[in-house]
Amino acid sequence: MKRVFYRLHRGTALVFGLAALVVVATGTVSIFEHELDAWARRGARSVRVTSSPNFSFDRAIVEAAGTQGVEYFDTINVFQRGQEPATVRLGVKASKDQFVVAQVDPMTGRLIEPTSEDHVSPAGSLADFFVSLHVRLLVPGNFGLLVTGFVAFGLLFLLATGILFHRPSPSRLRRFRRTGSTRTQVGQLHALLGSWSLPFTGVTAVTGAFLSFATTVLVPVIALVAFGGDQEELVKTVLGPIEIEEKEGIAKVDTLVTDALSRHPEAEFKAVALEDWGGPQAQASVVLEAHGALDHQRHRLIYDGHDGRFLAEPPELGAKPSLGNTAFELTRGLHFGTLFGTLTQFLWLVFGIATTGLVMSGLTVPALRDKEADGWRRLAAGLASGGLLMAFAATGWTWAVGLGLGLNPGPALPWAFIAGALAGGIPAVQRPVLTAVKNAAFAGGLAILTLPLGNLWATKTRLSSDLSETIAVDAGMIGFGLLVAVASQFFLTQRGPRHTEPALA
Amino acid sequence: MRQRSQAHEETRSRGYVAGCLVAAFFFSLIVVAGATQWFPSGAAGIDHIVLPALSFPLVWLGFAIGLLAAQRRGRAWGTAVLIVVLSSGAMAAGLSGVGT
């Protein structure tokens with residue numbers, strides 16, 4: 001039976017391994033999306049919509065609606081992602097043509113032209129690229145979510161079969177012998193990292209699969225069975241319906257956002273969603289978030305859309321506390337690493353690196369077995385190790401050079417990632433795998449180590465008063481790059497005979 | 001001749017693994033959709049929707065490992081099909097509006 005699990009584990013790794021590696025590695029970087037975004041601007045923060053004297057939610061909606069006017073919209077969303085301008089999205093179900101997306105400069109309160117929903121500023125394109133790669137693997141729309149959902153299933157299956165044939169035990173948490181061939185040592189590293197990162201990998205794979213499949217598969221299927229196919233009714237039930245009295249008038253959005261912030265002064269504005277705006281059931285939901293060192297709070301405040309009266313502050317899901325809501329909040333907190341604020345973010349970074357090392361070492365072991373190491377296995381090992389590091393380095397440097405030259409580097413980043421991966425991975429097909437990985441890891445490490453210089457040049461050493469996040473990310477890159485460059489020279493050296501250990505240790 | 005039979009066996013085995021994984025996906029969707037009909041809805045009236053949906057990845061894993069690792073394949077498939085038939089019954093009740 002152990003042999004069956006081993007073969008299932010190895011076969012699944014061949015199909016899903018590289019995609020899982022990219023999802024895990026970019027997910028690890030995405031934990032610090034906001035910090036990376038702040039680093040990309042060297043701390044020069046854009047104005048928050050709620051602190052700008054020139055920004056008005058009501059005026060932004062009127063300007064976005066343009067000649068259509070704001071008499072009626074089924075949904076209106078206004079939100080501000082990180083350091084980007086505010087986005088206003090207005091929709092009317094009956095007419096697809098009346099779906100409008102506009103971006104508003106928080107500083108001036110005026111529309112930015114030209115614009116689209118997925119418009120990201122050149123500086124913000126680096127963090128946005130890693131998040132998009134993690135969520136959709138460069139595949140557009142809902143199909144991308146399906147792909148990452150299946151990758152999460154692949155990772156989950158790898159984990160389950162790995163447990164069944166490795167049989168983790170407390171002794172495995174410290175088992176690492178410095179003797180034996182390189183393949184044996186990489187294999188031991190794989191088992192060691194797998195044992196330490198087991199709960200993290202399992203939790204992120206389960207929660208990630210749910211998040212990917214929720215809107216693409218689960219909502220349509222559950223709506224079909226329980227709500228006669230009406231997905232809106234399902235969403236309304238899950239969010240918890242709030243009764244609104246029918247009356248005249250349209251509330252001022254500025255007033256209710258100010259009221260929400262006064263109820264939670266420690267929190268920041270995230271988004272406001274207006275439903276049936278101008279209609280009999282008009283209501284507004286204001287979402288605020290407070291991120292601390294040890295906790296993360298999210299608040300949803302509901303207002304009457306006619307007179308702006310505060311109605312309720314229900315949980316994230318449902319009108320009152322429930323097991324379903326607790327489980328959902330736990331799922332989200334665990335996946336995004338916000339469960340206990342900054343503390344879990346750092347823990348997730350460490351475990352994320354461990355899981356990346358787990359997948360990396362798992363894909364490298366087969367290439368170190370001479371008898372089985374065909375060209376594809378060697379390429380997979382090269383792409384998974386040196387290739388991944390080169391991909392990150394090439395993406396970072398392409399972003400820096402593009403920004404420094406005054407271009408928008410966003411469209412070039414996917415190509416830079418692929419080119420970096422191939423440049424680091426292909427040499428492993430022709431040369432001894434370890435030598436190729438050692439060279440690519442050294443080059444990738446050096447490129448990451450020097451990336452803060454590229455950032456300084458690209459942002460023209462523009463400095464702001466708040467440099468804490470920038471310095472932290474600079475230090476992280478220098479430390480990580482140095483570690484990789486030095487470790488590649490010391491540890492990636494062929495040791496011992498290659499066939500001293502059986503396939504299953 | 002022996003090599004050809006080994007290769008044939010490997011292809012069959014890969015096909016069986018892929019079949020089990022795909023079947024597990026559809027089985028788990030049916031179980032989750034069916035569970036929305038019998039799972040308690042809780043105080044806020046959402047538990048019957050949210051909790052089965054959240055457990056979808058684990059239900060899939062349970063089916064996948066159960067079908068692939070079973071010593072007696074017939075019994076494993078029989079149990080899986082029984083669960084799916086029961087869930088389909090609950091699903092059909094939901095689709096036809098029984099109990100709503």
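FYI, side chains are in, hydrogens and waters are out, and symmetry mates aren't considered; it's all heavy atoms of this structure. So you know, we letter chains A, B, ... as the sequences are listed, proteins then strands, and number each from 1.
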Q: What heavy-atom pair brings G324(A) and L54(B) nearest, and what distance separates the two atoms?
A: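 Scanning both residues, the minimum pair turns out to be O-CD1, 4.4 Å.
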
Q: Among R10(A), R7(A), H9(A), whose side-chain hydrogen bond (donor to acceptor under 3.5 Å, both in side chains) with T161(A) holds?
A: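 The side-chain hydrogen bond (donor to acceptor under 3.5 Å, both in side chains) with T161(A) is passed solely by H9(A) among R10(A), R7(A), H9(A).
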
Q: Could you report the tightest heavy-atom contact between P52(B) and S55(B), atom names first, then the distance?
A: O-OG, 2.8 Å

Q: Taking the six-membered ring for Trp, are F157(A) and F150(A) closer than 6.0 Å centroid to centroid?
A: no

Q: Can you measure from CG (L358(A)) to CG (L198(A)) and round to the nearest 0.5 angstrom?
A: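 Going from the CG atom of L358(A) to the CG atom of L198(A) covers 9.0 Å.
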
Q: Does a donor on one side chain and an acceptor on the other come within less than 3.5 Å for H296(A) and T338(A)?
A: no

Q: So which of V238(A), N325(A), L234(A), V219(A) has the biggest tally of heavy-atom pairs under 4.5 Å with chain B?
A: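 When all of V238(A), N325(A), L234(A), V219(A) are compared, V238(A) has the most.
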
Q: Between G45(B), P57(B), A53(B), A64(B), who has the most heavy-atom pairs with chain A when the cutoff is under 4.5 Å?
A: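 Counting heavy-atom pairs under 4.5 Å, the top option is P57(B).
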
Q: Looking at every heavy atom in both A354(A) and S197(A), which two are closest together, and how far apart are they?
A: CB-CB, 4.1 Å

Q: Please state whether the side chain, the backbone, both or neither of L317(A) comes within less than 4.5 Å of a heavy atom of chain B.
A: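 When you check distances to chain B, atoms from both the backbone and side chain of L317(A) fall under 4.5 Å.
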
Q: Looking at T12(A), V217(A), L218(A), which has the largest count of heavy-atom pairs under 4.5 Å with chain B?
A: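 Of T12(A), V217(A), L218(A), L218(A) has the most heavy-atom pairs under 4.5 Å with chain B.
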
Q: Heavy-atom cut-off 4.5 Å, strictly under: side chain, backbone, both or neither for T331(A) against chain B?
A: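 T331(A) touches chain B through side-chain heavy atoms alone.
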
Q: So for L211(A), is it side chain, backbone, both, or neither that comes closer than 4.5 Å to the heavy atoms of chain B?
A: neither

Q: Which bit of P321(A) comes within less than 4.5 Å of chain B, counting heavy atoms only: side chain, backbone, both or neither?
A: backbone

Q: So which part of L21(B) gets closer than 4.5 Å to some heavy atom of chain A, the side chain, the backbone, both or neither?
A: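 For L21(B), the contact with chain A is made by the side chain alone.
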
Q: What pair of heavy atoms forms the shortest contact from L67(B) to Y16(B), and how long is it?
A: O-OH, 3.5 Å

Q: So which part of L51(B) gets closer than 4.5 Å to some heavy atom of chain A, the side chain, the backbone, both or neither?
A: side chain

Q: Please rank F153(A), F210(A), F213(A) by heavy-atom pairs under 4.5 Å with chain B and give me the top one.
A: F153(A)

Q: Under 4.5 Å from any heavy atom of chain A, what part of I49(B) do you find: side chain, backbone, both or neither?
A: both

